[in-house]
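Single-structure report; data block below.
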2 protein chains.
Amino acid sequence: MTAEKLNSTFFYVLEKSIKTYRQMAQRNLAQEYGAITIDQLLVLQAMKDQPELTQQQIALVVFKDYASITRIIDLLVRKGLLHRADHPTDRRRFELTLTRAADDLLQQVHPRILKNRKIALSGISEEEIAIARKVLAKITENCS
Amino acid sequence: MTAEKLNSTFFYVLEKSIKTYRQMAQRNLAQEYGAITIDQLLVLQAMKDQPELTQQQIALVVFKDYASITRIIDLLVRKGLLHRADHPTDRRRFELTLTRAADDLLQQVHPRILKNRKIALSGISEEEIAIARKVLAKITENCS
DNA sequence: ATCATAATATTGATATATCAAATAATGATG
DNA sequence: CATCATTATTTGATATATCAATATTATGAT
């Protein structure tokens with residue numbers, strides 16, 4: 001496989017696009033809101049949307065490993081964005097609630113996230129996006 | 001943003017597809033060739049294709065950070081897949097050459113990699129892939 | 001009521017990503 | 001040729017990914 005072939009491989013293009021997007025998004029976030037990562041925001045948002053989720057369910061939603069979720073939540077607690085308390089009925093679990101600071105942060109970053117997506121998708125038609133979405137969903141299905 | 005909205009966000013679908021593909025590919029590789037990662041293979045292949053590349057150029061080709069390349073190359077040397085010698089004219093650099101073991105490994109895994117790609121893209125038309133490729137390239141361009 | 005099994009979360013080890021800082025060698029310029 | 005900016009690589013710190021192992025609690029079957 002030559003470098004040209006590598007560059008033209010579909011999965012190379014795929015990796016490159018998601019990495020470039022993440023870099024752009026992370027850079028923009030860091031400039032405006034300091035030391036928060038996209039992954040941390042994703043977890044926070046998931047917990048805000050569905051507070052009753054277990055950590056394992058959160059892992060599924062944000063498409064991460066259980067171990068990663070444990071560590072991200074640790075960080076969020078240390079940063080004062082999550083409050084961790086005993087779960088009332090299941091002592092294996094914790095009751096995690098977003099702090100006021102987390103709510104504020106999510107509200108603040110929301111427009112930035114929308115703007116990032118808009119930048120990334122500009123100049124692409126709805127129809128093309130729909131097809132790309134279908135292709136990506138099919139890949140996920142094929143690899144599952 | 002509700003969980004439904006998150007699930008339907010284009011970049012969510014994008015992340016999910018690449019992660020699922022990587023997991024499938026890594027799992028298949030591990031079963032057949034033991035402890036080698038896709039990233040390590042990518043670096044090896046790039047160095048085989050263009051032996052004259054500097055580490056920085058390799059980083060560009062495989063779309064990784066300089067620091068990551070340093071560490072991946074360290075690993076490959078420790079594993080006996082790369083040979084590291086002084087560079088004849090530039091003492092900042094090293095002359096890295098693939099060992100026989102690396103050549104053999106690349107040859108062995110090649111069919112498996114092709115098979116993985118085929119699995120992932122099965123049931124998707126050439127036309128759809130072409131459009132998806134165009135969309136992804138445009139995203140990369142927009143975020144650069 | 002007990003016990004095996006399942007569910008939930010954590011931890012350890014290793015690999016990779018990212019940013020910033022440090023090292024070291026090279027090249028250009030006065 | 002001495003200095004200085006640039007280039008190539010490495011290192012440190014922190015975050016995340018993945019796999020395996022562990023700990024603890026809950027549940028279901030007997």
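All values below come from the heavy atoms of this structure, side chains included, with hydrogens, waters and symmetry mates left out. Naming convention: chains lettered A, B, ... in sequence-line order (proteins, then strands); numbering from 1 in each chain.
- Judged by distance alone, the side chain of B:Gln26 and the main-chain N or O of B:Ile38 form a donor-acceptor pair under 3.5 Å.
- Within the 3.5 Å criterion, the main-chain N or O of B:Gly80 finds a donor-acceptor partner in the side chain of B:Thr99.
- Put simply, the side chain of B:Gln57 gets close to the backbone of B:Thr54: a donor and an acceptor are under 3.5 Å apart.
- A heavy atom lying under 4.0 Å from DNA chain D marks the following residues of residues 73-88 of chain B, by number: B:Arg84.
- With distances taken from any side-chain atom of A:Gln55 to the nucleotides C:dA25, C:dT18, C:dT10, the minimum falls on C:dT10.
- The CD1 atom of A:Ile36 sits 17 Å away from the C1' atom of C:dC19 (whole-angstrom rounding).
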Show the numbers, then the answer: is there a side-chain contact (heavy atoms from CB on, under 4.5 Å) between A:Met24 and A:Asn116?
CA-CA 8 Å; A:Met24 182 272 285; A:Asn116 287 342; 3.7 Å; yes
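- Which of C:dT10, D:dA26, C:dA17 sits closest to the side chain of A:Tyr66 comes down to C:dT10.
- Of the possible polar contacts, one joining the A:Tyr12 side chain to the B:Val61 backbone as a donor-acceptor pair under 3.5 Å is found.
- A:Arg71 contributes a side-chain N or O that forms a donor-acceptor pair with the base of D:dT18 under 3.5 Å.
- Checking side-chain atoms of B:Thr37 against main-chain N and O of B:Gln40 turns up a donor-acceptor pair under 3.5 Å.
- Within the nucleic acid shown, A:Ile69 has no heavy atom closer than 4.0 Å to any nucleic acid atom.
- Nucleic acid contact class of A:Thr54 (heavy atoms, under 4.0 Å, all strands): sugar-phosphate only.
- A:Thr37 comes within 4.0 angstrom of the backbone, heavy atoms only, and of no base.
- Which of D:dA26, D:dT10, D:dA17 sits closest to the side chain of B:Thr70 comes down to D:dT10.
- The interatomic distance linking A:Ile72 (CD1) with D:dT14 (P) rounds to 17 Å, in whole Å.
- At the heavy-atom level, A:Asp65 lies under 4.0 Å from base atoms of the strands shown.
- D:dA15 atom C1' lies 11 Å from atom CZ of A:Arg22, rounded to whole Å.
- A donor-acceptor pair under 3.5 Å is absent between the side-chain atoms of B:Gln23 and the main chain of B:Ile18, judged by distance alone.
- Salt bridge status for B:Lys48 with B:Asp103: present, with a side-chain N to carboxylate O gap under 4.0 Å.
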B:Phe63 and A:Glu15: side-chain contact (heavy atoms from CB on, under 4.5 Å), yes or no, with the steps?
CA-CA 8 Å; B:Phe63 209 66; A:Glu15 287 254 13; 5.9 Å; no
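- For the pair A:Gln23 and A:Gln56, nearest-nucleotide mapping onto DNA chain C gives the more 5' position to A:Gln56.
- The distance between atom CG of B:Asp39 and atom C1' of C:dA17, rounded to the nearest whole Å, is 10 Å.
- Atom P of nucleotide C:dG27 and atom CZ of B:Arg91 are separated by 12 Å, given to the nearest angstrom.
- A salt bridge links A:Arg100 with A:Asp104: the closest approach of a Lys/Arg side-chain nitrogen to an acidic carboxylate oxygen falls below 4.0 angstrom.
- Looking at residues 92-100 of chain A, you'll see A:Arg92, A:Arg93, A:Phe94 sit with a heavy atom under 4.0 Å from some atom of DNA chain C.
- Nearest-nucleotide positions on DNA chain D for A:Gln40 and A:Ala67 put A:Gln40 closer to the 5' end.
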